[in-house]
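Every chain is numbered from 1 and lettered A, B, ... according to where its sequence line falls, protein lines coming before strand lines. Here the structure is a predicted model, which is why all the values come from computation and not from measurement.
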Number of protein chains: 2
Amino acid sequence: MVGRFVHDKLEKGRYKLTSQRAAVLDIMMDNRGRHLSADEVFFEAKTRLPNIGIATVYRTLEKMASLEILHKTVFDQGKYRYELCDENAHHHHHIICLSCNSIIEVQDDLLNSLEKHLEEQGYRIIDHELKLYAYCPDCLQKRRDDSTPDVSS
Amino acid sequence: MVGRFVHDKLEKGRYKLTSQRAAVLDIMMDNRGRHLSADEVFFEAKTRLPNIGIATVYRTLEKMASLEILHKTVFDQGKYRYELCDENAHHHHHIICLSCNSIIEVQDDLLNSLEKHLEEQGYRIIDHELKLYAYCPDCLQKRRDDSTPDVSS
DNA sequence: GTTATGCTTGATAATGATAATCACTTATGG
DNA sequence: CCATAAGTGATTATCATTATCAAGCATAAC
Ligand SMILES: [Zn+2]
Ligand SMILES: [Zn+2]
Ligand SMILES: [Zn+2]
Ligand SMILES: [Zn+2]
């Protein structure tokens, strides 16, 4: 079920689409919008291919990242997380809730003016990664509820 | 040689300024603008306190980060890096050169409009971290020099 | 002083994510 | 079929960080 997008990139690298690689890619596509770690992918992959080895998962994730099929990043530390690349050029950014640790994606791209400023100073900007640390609306609401004693009890 | 800034934060946490902690802080102050890993700090600390243990360095860096004396982040992965916090509230951002891996600091803060936009959506933004990946002017110049054959030889 | 209490330290072991190794299997092309 | 290379699973190695633990050193009571 891999799309042309992924197919082309694999062929360009002359890599075979084995069942293991297909399983990993399927998992990533089934979890679009989430950011999975290698062990999470491995756990899910075991349910589809019980004999798959953890090393293959690591190798596949690494390879797909080098082909720019997956984007590799680190939110917390000591652990990489992967997600499907945006097919259309520019990637997105992330808000990480300081309370529930949920990761919300931001599509706004108001960084162009900053990039332009720096290009004028002689840099050639290739990519950027923005992480905003915040409290999400849900958590803020929950906090309000908690501090408002329930009158009915 | 620790400033009032650091002193106050230590006292607030009721922590003693031992010779080991002072050594680590001195190293961080002597390397203002750089981003040191635990082993780099340990190596330098050994020249000042030959008996200092690696565990103490880790503990001290961790403690100083929790007191917001040091800022802890990860540029490459699998390794934390530390730097002194900006005393005046808002922190800075980083440009990482894709060629020489140098880290250049950016003071511009053109992210306010994005933050404002998100606050309107119900988020409470606390902090952000921006990493720009680029080629620095030096590396771009070097590349130009290399591709221009030397006529005089 | 002596003693008790708790913070701090250094050495070392444990942990945990990822990378490397290696023997075995599976395409693929002649 | 045979040769070559790619891919896999199991296992080990690596490396940064954390946990453990006994000893050292304060500070404050006794
Ligand atoms: Zn939240
Ligand atoms: Zn994302
Ligand atoms: Zn450079
Ligand atoms: Zn910095």
Quiz prompt | Residues from residues 46-56 of chain A lying under 4.0 Å of DNA chain D - heavy atoms | solution = A:N51, A:I52, A:G53, A:A55, A:T56
Quiz item: So, is B:T18 close to the C:dC7 phosphate, meaning a side-chain N or O under 4.0 Å from OP1 or OP2?
Solution: no
Practice problem: Please report, rounded to the nearest Å, how far the C1' atom of D:dT8 is from the CD atom of A:E62. | Solution: 17 Å
Quiz item: Roughly, in whole Å, what's the span from CG in B:D39 to P in D:dT14?
Solution: 17 Å
Practice problem: Please state how far atom NZ in B:K79 lies from atom C1' in C:dA19, giving the value in whole angstrom units. | Solution: 16 Å
Self-check item: Those residues that, when tested against B:R34, pass side chain to side chain donor-acceptor pair (under 3.5 Å) (two or more places apart)
Solution: B:N31
Self-check item: Distance, rounded to the nearest Å, where A:F42 contributes CZ and C:dG16 contributes P
Solution: 16 Å
Quiz prompt | Most 5' of B:R59 and B:Y80 on DNA chain D, judged by nearest nucleotide | solution = B:Y80
Quiz item: Separation of A:Y15 atom OH from C:dT28 atom C1', in whole Å?
Solution: 17 Å
Quiz prompt | For atom CG of A:L25 and atom P of D:dG7, their distance in whole Å | solution = 13 Å
Quiz item: Taking only N and O in the side chain of B:R21, is any of them less than 4.0 Å away from OP1 or OP2 of C:dT9?
Solution: yes
Quiz prompt | Side-chain N,O (A:K16) to OP1/OP2 (D:dG7) below 4.0 Å | solution = no
Quiz item: For A:H128 and A:E115, does a side-chain donor sit closer than 3.5 Å to a side-chain acceptor?
Solution: yes
Self-check item: Between D:dG24 (C1') and B:Q20 (CD): distance, integer Å
Solution: 11 Å
Quiz item: Taking only residues two or more places apart in sequence or in another chain, which ones pass side chain to side chain donor-acceptor pair (under 3.5 Å) with A:N101?
Solution: none
Quiz item: Residues two or more places apart in sequence or in another chain: which of them pass side chain to side chain donor-acceptor pair (under 3.5 Å) with A:R144?
Solution: A:Q141
Donor-acceptor list for residues 43-54 of chain B side chains, cut-off 3.5 Å, not counting sequence neighbours:
from	atom 1	to	atom 2	distance (Å)
B:E44	OE2	B:R48	NE	3.1
B:E44	OE2	B:R48	NH2	3.1
B:K46	NZ	B:P50	O	3.4
B:T47	OG1	B:E44	O	2.6
B:R48	NH1	B:D30	OD2	3.3
B:R48	NH2	B:D30	OD2	3.0

Quiz item: Would A:K72 count as a cation-pi partner of A:Y82, with NZ or CZ less than 6.0 Å from the six-membered ring centre and within 45° of the ring normal?
Solution: no
Exercise. Give the rounded distance in Å between these two atoms: OH of B:Y58 and C1' of C:dA11.
Key: 15 Å
Quiz prompt | Counterpart residues, side chain to side chain contact (heavy atoms under 4.5 Å, CB included), relative to B:F75 (two or more places apart) | solution = B:H35, B:T73, B:R81, B:H94, B:I96, B:I103, B:K131
